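A quick write-up on the structure given underneath.
These numbers come from a predicted model, not from an experiment.
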Amino acid sequence: SGQSGVLVGTNGPDGSNDTSDDTADDTDANDDTEAEYADTPTEEVLDDYRQFATGVLDRSENTVDLHTRYIERLLEHVDKPPSQVTQDDITDYLDSEGDVSDATRMNIIGALRVFFRDFLDREVMDVFEMPSKTAKPTDVPSKDDLQTFYEALDNPKYKTAFLFAATSGLRSSELCQLTMDDVNEDKRMLVPDKESSTKETWLTFYNHEAKEAFEQFKPERKSGDERVFQTSKQPLNRKFRHVSEDTGVKVTVQKLRRWFATEMSRCGVDATYIDAFCGRTPSSVLEKHYLDYSPERMREIYDDAGITVLE
């Protein structure tokens, strides 16, 4: 106690993302927006977080109230938009909380992790180690849950985005920033063009179910916007939140990413390749062992796994 979260890695915060307000059409999202919530008042950011935490993550009101207080204190302490908060800012804030118990330290770090990782899709909290505690099993939806959620999606765009996420392991930011040039339709291969140097990306694939959904969605795409799904994270998260509330099945892109990793493991894929599909393998490793991680080898491993969502 009394110490900041312990740094266990060197990755910095990820890049910024698009934003869009509730009244805007998905296709009107402004690519030039510098950062999500860059000009949003803190009160509005916290209101959106509350809706996300209670509606999507199914957290209790008491937990959300507690977490929101810590998040608000951090934002007041650093006096900058959430997208610009750095690891040093967080360390400084944790120091400012003084000599607190391990339980309180765990609550603070847990609150900030949910806020930055799950709500904002930033990895700035990943280097902070939680005080020792018995690990809980990762909450991963069942295939039946995913099928229920999928059937409730009434839009070909969101159906396709759902299947791309579930069968590729992409992060939500990668999913929304994916362009048509990043997609090799013949090989069902995705090569996200990462602008951020803080996240590793190699390549991944999508399955035949996603390919079929993509074919049905493509005629609805509008010209002039090369993003595959022509939407930003906020409309996508909002849609998933509403369907989660309607079906009682809590699904986020983050949960689909976890489901992908779990399902690929169940299908017999080695953890090193799962990390590669999920963009977690350092470029130095990929370069040193290129033959092991070549597109041909990766596709062979992916297709052999035979991952499905709807069957």
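- A salt bridge links K218 with E215: the closest approach of a Lys/Arg side-chain nitrogen to an acidic carboxylate oxygen falls below 4.0 angstrom.
- The shortest side-chain heavy-atom distance between P82 and L75 falls under the 4.5 Å cut-off.
- Between A111 and I71 the shortest heavy-atom distance is O-CD1, 4.0 Å.
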Take F240 and Y158, measure what ring-ring contact (aromatic ring centres under 6.0 Å, His included) needs, and give me the verdict at the end. CA-CA 9 Å; F240 276 27; Y158 291 119; 7.1 Å; no
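- How far NZ of K233 is from OG of S172: 4.5 Å, rounded to the nearest 0.5 Å.
- Using a 3.5 Å distance cut-off with no hydrogens or angles, the side chains of T91 and D88 do not pair a donor with an acceptor.
- A 6.0 Å sphere centred on NZ of K187 holds no more than 12 heavy atoms belonging to other residues, nucleotides or ligands.
- Residues D154 and K239 are paired through a salt bridge, judged by an N-O separation under 4.0 Å between the basic side chain and the carboxylate.
- Note that OH of Y302 is 7.0 Å distant from OG of S168, once rounded to the nearest 0.5 Å.
- From L112, atom CG reaches atom CD1 of I109 across 8.0 Å, with rounding to the nearest 0.5 Å.
- Rounded to the nearest 0.5 angstrom, F52 CZ and R59 CZ are separated by 9.0 Å.
- In this structure, E72 does not pair ionically with R69, as no charged nitrogen and carboxylate oxygen lie closer than 4.0 Å.
- Salt bridge annotation for D65-R50: present, with a cationic side-chain nitrogen under 4.0 angstrom from a carboxylate oxygen.
- At a cut-off of 3.5 Å, with distance as the only test, no side-chain donor of D145 or T148 sits close to an acceptor on the other residue.
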Assess whether side chain to side chain contact (heavy atoms under 4.5 Å, CB included) is satisfied between E61 and T54, documenting all intermediate values. CA-CA 7 Å; E61 290 288 345; T54 55; 4.0 Å; yes
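- Atom-to-atom distance recorded for N207:CG and E212:CD is 10.0 Å, nearest 0.5 angstrom.
- Taking both residues in full, the closest heavy atoms of V309 and A166 are given as CG2-CB, 3.9 Å, listed atom of the first, atom of the second, then distance.
- Between I90 and F116 there is a side-chain heavy-atom pair separated by less than 4.5 Å.
- Using a 4.5 Å heavy-atom threshold, the side chains of V251 and L146 count as touching.
- Side-chain contact check for R221 versus R227: every heavy-atom pair is 4.5 Å or farther apart.
- Ring centroid separation for the pair F214 and F164 comes in under the 6.0 Å cut-off.
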Would you please test T160 and V228 for side chain to side chain contact (heavy atoms under 4.5 Å, CB included) and show each step? CA-CA 10 Å; T160 307; V228 171; 5.9 Å; no
Under the ring-ring contact (aromatic ring centres under 6.0 Å, His included) rule, what do Y273 and Y293 come out as? Steps first, then yes or no, please. CA-CA 8 Å; Y273 285 108; Y293 295 102; 5.5 Å; yes
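- Of the charged side-chain nitrogens involved, none lies within less than 4.0 Å of a carboxylate oxygen, so that R73 and E76 do not count as a salt-bridged pair.
- A distance of 11.0 Å separates OG1 of T63 from CG of L57, quoted to the nearest 0.5 Å.
- Ring geometry for F115 against Y49 counts as perpendicular: the plane angle is over 60°, on a 0 to 90° scale with 30° as the lower cut.
- The environment of NE2 in H208 is sparse: at most 12 heavy-atom neighbours from other residues, nucleotides or ligands sit within 6.0 Å.
- Side-chain contact between F119 and D48 is present, with heavy atoms from C-beta onward closer than 4.5 Å.
- Side chains of D270 and T272: a donor on one and an acceptor on the other come within 3.5 Å.
- Counting non-hydrogen atoms of other residues, nucleotides and ligands closer than 6.0 Å to CG of D246 gives a total above 12.
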